[in-house]
Amino acid sequence: MGVVRDSFPIPEWVFDNRELTRKEKLVLVALFYFFANSSSPPSIREISKLLGIHKCTVINAVKSLEKKGIVGVLREKGKVNRYVIQPPRA
């Protein structure tokens with residue numbers, strides 16, 4: 001895995017939220033990275049490769065973030081999912 005050299009903003013709530021697991025936070029960081037550095041949405045495989053974790057772990061984290069209302073997933077058959085991050089309500 002290569003070294004990530006690009007800087008990108010990550011909101012403080014990602015780190016401060018005690019209701020998120022470490023893996024959920026990692027997936028959020030990866031999504032922010034892709035939003036800042038790519039013109040296309042990331043695949044589960046790309047997130048998995050960037051983080052060095054199994055793709056099933058990524059899928060479970062995304063599902064959990066979706067249930068918590070933090071990540072919205074726009075699914076289209078035959079296309080890569082699109083993600084929308086919504087900060088938790090205070």
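Side chains are part of it too, since the values below use all heavy atoms of this structure and drop only hydrogens, waters and symmetry mates.
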Interatomic distance, CD1@I70 vs CG@N17, rounded to 0.5 Å, equals 5.5 Å

Those residues at least two apart in sequence (or on a different chain) that pass salt bridge (Lys or Arg N to Asp or Glu O under 4.0 Å) with K68 are E24

Between the CG atom in L65 and the CG atom in L28, the distance rounded to the nearest 0.5 Å is 5.0 Å

Minimal heavy-atom distance between L50 and A30, with the atoms involved, is CD2-CB, 3.9 Å

Rounded to the nearest 0.5 Å, the OH atom of Y33 sits from the CD1 atom of I10 at a distance of 11.5 Å

Side-chain touch V62/V27, heavy atoms, less than 4.5 angstrom: yes

In this structure, NZ of K25 is separated from CZ of F15 (nearest 0.5 Å) by 8.0 Å

**Message:** If hydrophobic clusters are built from ILVMFWY residues whose side chains come within less than 4.5 Å, do I44 and V80 share one?
**Reply:** no

dist I85:CD1 -> L31:CG (nearest 0.5 Å) comes out at 5.0 Å

Sorted by chain and number, sequence neighbours left out, salt bridge (Lys or Arg N to Asp or Glu O under 4.0 Å) with K79 holds for E76

* Asked: When you look at Y83 and F35, which way does the side chain to side chain contact (heavy atoms under 4.5 Å, CB included) test go after all the steps?
  -> CA-CA 9 Å; Y83 303 95; F35 292 161; 4.1 Å; yes

For this session: Verify, without hydrogens or angle tests, whether K23 (side chain) and V58 (backbone) share a donor-acceptor contact under 3.5 angstrom.
Result: no

On a heavy-atom basis, the closest approach of S48 and K55 is OG-N, 3.4 Å

Output for pair (S39 OG, F34 CZ), nearest 0.5 Å, gives 11.5 Å

F32 and P11 have their tightest heavy-atom pair at CZ-CD, 3.5 Å

Residues passing the side chain to side chain donor-acceptor pair (under 3.5 Å) test with E66, sequence neighbours excluded, are R75

P88 and W13 have their tightest heavy-atom pair at CD-CE3, 3.4 Å

